[in-house]
Protein chains: 2
Amino acid sequence: MTKPIHHHKDYYAPEEKLYVATDCIIFGFDEGVLKLLVFKRRVEPLKGTISLIGSFVHPVESAGEAAKRVLREITGLEDIFMEELKSYSAVERDPGARCISIAFYALIRIEESNKSLVANHGAIWLELDTLPKLVLDHGQMVKDALDRLREKAKFYPIGVELLSKKFTIPQLQKLYEAIYQKKMDTRNFRKKLLSLNLLIPLDEKDMSGSKKGAFLYKFNYNKYKKLETKGFNFSLFKT
Amino acid sequence: MTKPIHHHKDYYAPEEKLYVATDCIIFGFDEGVLKLLVFKRRVEPLKGTISLIGSFVHPVESAGEAAKRVLREITGLEDIFMEELKSYSAVERDPGARCISIAFYALIRIEESNKSLVANHGAIWLELDTLPKLVLDHGQMVKDALDRLREKAKFYPIGVELLSKKFTIPQLQKLYEAIYQKKMDTRNFRKKLLSLNLLIPLDEKDMSGSKKGAFLYKFNYNKYKKLETKGFNFSLFKT
DNA sequence: TCAAAAGTGTTCTCCTTACACCCATGA
DNA sequence: TCATGGGTGTAAGGAGAACACTTTTGA
């Protein structure tokens, strides 16, 4: 069977429609550890089960728009780094109905989210490395999203999406160490990072992490956008 | 709105289902140029329009299974390199009906395909760099797939999926030159390639490309699989 | 004998890596 | 004054990039 002719309803009619949902793998970084925003049922049935935050894709929106809507409804945030991960469409993935899900992963700054909105939705932040079992194939989604994050962060400085807009180099290093679960060398990390010329040094220090204080930087989004389109190598280290 | 409770049909009932299709971006390599397998309507209506090859996703199969089925039905091939590209779900993407598509790209050896099966389905190979306009958002799909192929081929030797099982190094180089649209240095290409130790040299020569003839090689899939799981850097050149 | 493609080595440069000490400050 | 985290430089090794000629053989 090949692609049906378009604009002729007869070609669609005999086909079966499916439920289409989206699930968001929402990463955050807090207290030196990677966290995931999940939905914990507080009432029966299935009280206590943990799932990703998602929604059906409505007729008036694309999957990406649905995912953005979910993120906005739960966290109050807009203009967030979000990318399609992949689709999940195994026949038996959802025992309740034939339902495919298009998963998106997002990186957000926890402190910018609307905490009461989050709480009102029954959403909570859990540490990634002590995650309990999630419903359906959501565990697999998280695993896939983490793999993708690791791949992506090798070549693109997306880590900055997880930190405050003003951040210190030690903070960024701790984030990378959390993502890749390994210690890095301070000197090499700084050298490579600064050689990209994508950080704007500020005249402020963050005094929360040490007595000496660490200089704050801002990410140069404008410069990055220009480089990105030209295809730049952002690799922060050798694998 | 958060994720509905599963196993309770009431949560699905009020939602609208959508048509779910899959489209395949099928790459081939022949006569030194990259080609795409497309479907050309030979009868009215819409005679002459060109689209990717696709199908609806049926209730009994996942999107990936649907894509594999399409590939098998059109080319007779199984066990082909195929990966999910991304989903396309813009509300107005298909004027005929609200229909999302999950696109997959595949790399096949043209000479192994069932030529009459291909022809019977009205499928034809078109050169990638002189593609006409495709229906719907299929042009965008091809562009995205090509970007993905370029990204992927940098780090994984997937090019071999497009060549005969026995191939010569000059053939592989020509393929890479076609993918990246740039000339490469023979000596550096061979050096890097052979240093991966993934090619099994054969005692045969391919005499079709030159009077001198070029030695044939086979790809060492077993070794590759082992390296792949350990996370190896297959980059064939610096971007 | 010549045209056309296959095959081969070396040098330079740059990036990555490994590695250890001083600095600033608040407690 | 001392404990804590912030910040700095250099040398060695390895990978990528640039570069030109010889080999084979059918026409």
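Chain A is the first sequence line, chain B the second, and so forth, proteins listed ahead of strands; every chain is numbered from 1. Basis for what follows: all heavy atoms, side chains included, without hydrogens, waters or symmetry-related copies. All values reported here derive from a predicted model rather than from experimental measurement.
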Taking atom [atom2] of [N] as reference, at what distance in whole Å does atom [atom1] of [X] sit?
X	N	atom1	atom2	result
B/Gln173	C/dT8	CD	P	13 Å
B/Lys182	D/dA18	NZ	C1'	13 Å
A/Asn188	D/dG7	CG	C1'	14 Å
A/Met207	C/dA27	CE	C1'	13 Å
B/Arg187	D/dC19	CZ	P	10 Å
A/Leu196	C/dC15	CG	C1'	12 Å
A/Leu172	D/dG6	CG	P	13 Å
A/Asp206	C/dA24	CG	P	18 Å

Donor/acceptor link under 3.5 angstrom from B/Lys191 side chain onto base of C/dT10: yes
Identify all side-chain donor-acceptor contacts of residues 215-222 of chain B below 3.5 Å with residues at least two apart in sequence or on another chain.
unit_1: B/Asn220; atom_1: OD1; unit_2: B/Lys223; atom_2: N; d: 3.1
unit_1: B/Tyr221; atom_1: OH; unit_2: B/Glu161; atom_2: OE2; d: 3.2

Which residues share a salt bridge (Lys or Arg N to Asp or Glu O under 4.0 Å) with B/Lys133, sequence neighbours left out: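 None.
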Checking the side chain of [X] only, and the main-chain atoms of [Y] only, is there a donor and an acceptor separated by less than 3.5 Å?
X	Y	value
A/Asn114	A/Leu117	yes
A/Ser89	B/Ala63	yes
A/Arg148	A/Glu84	yes

A/Phe29 ring center near A/Phe167 ring center (under 6.0 Å): no
Distances for protein N or O near nucleotides 3-7 of chain C N or O, under 3.5 Å:
unit_1: C/dA6; atom_1: N3; unit_2: B/Lys212; atom_2: NZ; d: 3.1
unit_1: C/dG7; atom_1: OP1; unit_2: B/Phe215; atom_2: N; d: 3.0
unit_1: C/dG7; atom_1: OP2; unit_2: B/Arg190; atom_2: NH1; d: 3.2
unit_1: C/dG7; atom_1: OP2; unit_2: B/Arg190; atom_2: NH2; d: 3.1
unit_1: C/dG7; atom_1: O5'; unit_2: B/Arg190; atom_2: NH2; d: 3.2

